[in-house]
J.: 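Structure provided below as structure tokens; questions to follow.
Chain identifiers are assigned alphabetically (A, B, ...) following the order of the sequence lines, protein sequences preceding nucleic acid strands; residue numbering begins at 1 within each chain.
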Amino acid sequence: MEAYNVKIDTFEGPLDLLLHLIGKMELDIVDISVAEVTDQYVAFIRTMQKFELDIASEYLVMAATLLQLKSKQLLPPVPVEEDDIPDFSDEPTREGLIRQLIEYKAYKEAVVFMREQEEQRLELYSRPGDDLSRYMAEHVQPYDGPLNFSDLLHAYSKMVERKRWKERRKKTITRETRSLEEQMTRLHDHVASKQKTSFFAFFEETPDVSDLVVTFMALLELIKLRVVTTAQVERDIEISFIETSKERDEAVAVL
Amino acid sequence: MKPLLSYETIIESLLFVVGDEGMEVRALADTLDISEAAAREQLTKLEMSFKDSGRPFQLIESAGVYKLVTIPDVSPYIQRYVGTMAEQALSRAAMETLVIIAYKQPVTRADIEEVRGVKVERVIHTLLSKGLIESAGRTKTLGRAKLYRTTEHFLDHFGFNSLDELPPLTFEDELSDEGDLFFAEPARHSQDRLEKD
Amino acid sequence: MKPLLSYETIIESLLFVVGDEGMEVRALADTLDISEAAAREQLTKLEMSFKDSGRPFQLIESAGVYKLVTIPDVSPYIQRYVGTMAEQALSRAAMETLVIIAYKQPVTRADIEEVRGVKVERVIHTLLSKGLIESAGRTKTLGRAKLYRTTEHFLDHFGFNSLDELPPLTFEDELSDEGDLFFAEPARHSQDRLEKD
């Protein structure tokens, strides 16, 4: 049996999996051989079980259905009296399955289109509207506007999204402390343009601890490279540029 | 004395303050005390002036509501500023379910499950929570199942103006409806036998 | 990234997107990969260009956070717009607050503020005046804060027979997130109890 390296959660259900298998066998949906498809499907499920993956019951139901279809195909019809035939309209048939696959496939293709639409729309950003209640006159009368409950839920879900943005942005910003290399470049340029400056004058805003550490390390590197010399001045460090020092790129390249 | 403000300036500021809630042409017309046609004309003029002056905005219309949004060119910077936006995109399960609802509406949960072959209860709740679908009464038949349909936010999420913009579904070679020629009766018992193999 | 966009254009679009929350100079500098001094300079340039081109915006700064807001000249029009909308729409703030009250009731103002992250006093006033919420006594705990719940009129307006009919709120990634989604299940037990009493 073929080694499958696709996980079951790659699929959106048994029909999706079936379509995948049919595609791999290079079959037309309308020409599928139930026996072959069933073998492939069951083999896939067994492999997944071997990997101890949880398989949703829907996949197992489909396996049973396929096995039932396959066995029907293998066995000759059993002759029965007309009156004994119960209503089998709910029983699975090959045609029923094919019809289901064709319909599902049509929707899957629509999903591709809709995803493109979604992506394009997500590129366009609006802004949360301002709180306009300060412009509102005082009313005391029962609300009778056109809002649906879905409007409320939508507003709420936007709010949740916004909060998550905010959280994420905070995380992104704190994570992006400057690298030593970047800070060496900045400090080099800063001192080169000023000729003489001080450590704390380099910062435009109160630095946080990681800024301080990285900048101080950058300073030590530049001293080591004889780009700058320093002197202690009260609680600050005076930094002087050495005229004959290395170019910026050269200095950073030693790292 | 106050300088005179052009319609364009006023409209831009209104679109700005309403943000993603958007603005109906009607409300704009009422505010400016002009006809809806004139309001539309002003909106078009504003849109043109964004283009001409290279400003990073454009207007989009969805279900008669106008919104001011940024142009795609600046989205890399916005994403860089706010971090990845992947979360806003719908999950595959939500997307499949939503697309089926969009095409088949009004539709019951059972209808959707039949097409997708999986349970969709949870996904439906997600879509309801996001305001992308809403309930649309119940079927008249026995069981009186709940029906669902898409909302205006659905249109906006995909940048559609109306449902008419959904492209038709394409079905692979329609099956002839001749029914089941192969089997007079399903052989139920055989399944047990196979499973013992 | 397209290099053709000017800093000014990018900054304008970023200020637009962040809305009321504003933007820190530092975050802006990081996004554009320029120094904070350069970022400030660009902000000043943008501000000047608003003035020069007669556009209805201005920048305000507070504690290193910049916000884009409309100039006072346009506020009569905003007022007029809100006037035409007053009968029809609720503000975004009102909608969010109403959802929180609907699902979490009875609830205090502090509870709502915790979820929304902003003050809601004014919005509560609006909702009270529109008959969508009502007061529901006070908490038994220290402080005896006022409690709010939705009204019969709320149910009528949105076509519900009882609070049990509110769709459950679920968000796909609620488990992975911080606890802002307190309601996988609406808290309506207290209501049930009241009704049985």
Side-chain angles (χ1 to χ4, degrees), chain A residues 12-15 29-30 56 58 62 64 67-68 71-73 75 77-78 80 85 88 91 93-95 98-100 102-111 113-115 117-130 132 148-151 153-154 157-158 161 164-165 168-169 172, chain B residues 16-21 58 60 67-72 75 78 81-85 87-90 92-93 95-96 99-100 103 115-119 128-134 151 153 157-160 167 169-173 175 179-180 182-188 190-191 194-195:
Chain A
E12 280 301 324
L15 290 169
I29 295 177
V30 284
E58 290 111 349
M62 177 59 82
L67 287 167
Q68 193 180 347
S71 62
K72 275 200 295 188
Q73 218 168 13
L75 292 172
V78 184
V80 281
I85 300 179
F88 281 131
E91 289 294 336
T93 62
R94 177 174 179 272
E95 275 63 37
I98 290 174
R99 228 173 277 127
Q100 230 184 333
I102 288 174
E103 188 179 11
Y104 182 68
K105 194 169 178 216
Y107 283 112
K108 264 193 83 87
E109 275 156 16
V111 163
F113 169 80
M114 296 289 274
R115 189 63 90 187
Q117 285 284 127
E118 183 189 46
E119 273 167 20
Q120 281 174 22
R121 176 64 182 87
L122 284 175
E123 295 272 289
L124 313 177
Y125 296 83
S126 186
R127 67 193 293 273
D130 288 342
L132 300 178
N148 294 319
F149 199 68
S150 69
D151 295 325
L153 291 176
H154 186 76
S157 101
K158 284 277 175 198
E161 242 163 42
R164 285 185 181 146
W165 264 39
R168 212 152 352 122
R169 196 161 62 245
T172 324
Chain B
F16 176 86
V17 296
V18 298
D20 60 11
E21 282 163 53
Q58 66 186 58
I60 53 171
K67 275 181 203 180
L68 192 58
V69 296
T70 55
I71 55 173
S75 75
I78 295 169
Y81 178 75
V82 297
T84 171
M85 291 300 298
E87 248 174 62
Q88 268 196 329
L90 295 170
R92 285 179 63 198
M95 188 65 129
E96 270 191 17
V99 169
I100 293 165
Y103 278 94
V115 177
R116 290 197 59 213
V118 292
K119 296 256 171 269
L128 283 168
S129 295
K130 286 180 179 279
L132 293 166
I133 62 169
E134 64 189 1
T151 62
H153 301 298
H157 185 85
F158 294 97
F160 292 125
L169 292 176
T170 46
F171 295 98
E172 209 165 281
D173 327 354
L175 258 200
D180 194 344
F182 299 105
F183 323 114
E185 190 211 9
R188 244 177 239 260
S190 58
Q191 192 185 322
L194 277 179
E195 279 178 351

J.: Show your reasoning for whether salt bridge (Lys or Arg N to Asp or Glu O under 4.0 Å) applies to A:Glu118 and A:Arg121.
T.: CA-CA 5 Å; A:Glu118 183 189 46; A:Arg121 176 64 182 87; over 6 Å; no

J.: Can you tell me which of B:Met95, B:Glu21, B:His153, B:His157 forms the most heavy-atom pairs within a distance under 4.5 Å of chain A?
T.: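 It is B:His153.
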
J.: With chain A as the partner, which of B:Leu132, B:Leu128, B:Ile71, B:Val99 has the greatest number of non-hydrogen pairs under 4.5 Å?
T.: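 Looking at each option in turn, the highest pair count goes to B:Val99.
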
J.: Heavy-atom cut-off 4.5 Å, strictly under: side chain, backbone, both or neither for A:Phe113 against chain B?
T.: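 Interface part for A:Phe113: side chain.
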
J.: Walk me through whether A:Phe149 and B:Glu134 qualify under side-chain contact (heavy atoms from CB on, under 4.5 Å).
T.: CA-CA 8 Å; A:Phe149 199 68; B:Glu134 64 189 1; over 6 Å; no

J.: Please look at B:Ile100 and chain A and tell me whether the side chain, the backbone, both or neither of the residue comes under 4.5 angstrom of a heavy atom of that chain.
T.: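 Contact with chain A involves both backbone and side-chain atoms of B:Ile100.
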
J.: So do the side chains of A:Met114 and B:Phe158 get within less than 4.5 Å of each other, counting heavy atoms only?
T.: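 Yes. Closest side-chain heavy atoms under 4.5 Å.
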
J.: Crowded around A:Lys108 NZ? As in, over 12 foreign heavy atoms under 6.0 Å?
T.: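 Yes, the 6.0 Å shell around NZ holds more than 12 heavy atoms from other groups.
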
J.: Between B:Val118, B:Leu68, B:Ile133, which shows the greatest number of heavy-atom pairs under 4.5 Å with chain A?
T.: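 Most heavy-atom pairs within the cutoff with chain A belong to B:Val118.
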
J.: Between B:Val69 and B:Gln58, does a side-chain contact (heavy atoms from CB on, under 4.5 Å) hold up when you go through it step by step?
T.: CA-CA 6 Å; B:Val69 296; B:Gln58 66 186 58; 3.6 Å; yes

J.: Which answer fits B:Thr170, side chain, backbone, both or neither, if we ask what part of it has an atom under 4.5 Å from a heavy atom of chain A?
T.: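 For B:Thr170, heavy atoms of backbone and side chain both lie under 4.5 Å from chain A.
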
J.: Only pairs of heavy atoms separated by less than 4.5 Å count here; which of A:Lys158, A:Glu119, A:Glu58 has the most with chain B?
T.: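 Going by pairs under 4.5 Å, I would pick A:Glu58.
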
J.: Could you tell me which portion of B:Ile60 (side chain, backbone, both or neither) has an atom closer than 4.5 angstrom to a non-hydrogen atom of chain A?
T.: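 Contact with chain A involves the side chain of B:Ile60 alone.
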
J.: Please test A:Ile102 against A:Val30 for side-chain contact (heavy atoms from CB on, under 4.5 Å), starting from the C-alpha separation and ending with a verdict.
T.: CA-CA 8 Å; A:Ile102 288 174; A:Val30 284; 4.0 Å; yes

J.: What pair of heavy atoms forms the shortest contact from B:Gly131 to A:Leu153, and how long is it?
T.: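 B:Gly131 and A:Leu153 have their closest heavy atoms at N-CB, 4.3 Å.
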
J.: Can you tell which of A:Arg127, A:Glu103, A:Gln100, A:Gln120 has the highest number of heavy-atom pairs within less than 4.5 Å of chain B?
T.: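 Maximum pair count with chain B is reached by A:Arg127.
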
J.: Using non-hydrogen atoms only, which part of A:Glu12 is less than 4.5 Å away from chain B: side chain, backbone, both, or neither?
T.: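 Both backbone and side chain of A:Glu12 come within 4.5 Å of chain B.
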
J.: If you count heavy-atom pairs under 4.5 Å between each of A:Glu109, A:Lys105, A:Met62 and chain B, which one has the most?
T.: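 So the answer, after comparing A:Glu109, A:Lys105, A:Met62, is A:Lys105.
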
J.: Which heavy-atom pair separates A:Glu123 from B:Ser75 by the least distance, and what is that distance?
T.: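 Scanning both residues, the minimum pair turns out to be OE1-OG, 3.0 Å.
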
J.: Given that the side chain runs from C-beta out, which part of B:Glu96 has a heavy atom under 4.5 Å from chain A: side chain, backbone, both or neither?
T.: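 Both backbone and side chain.
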
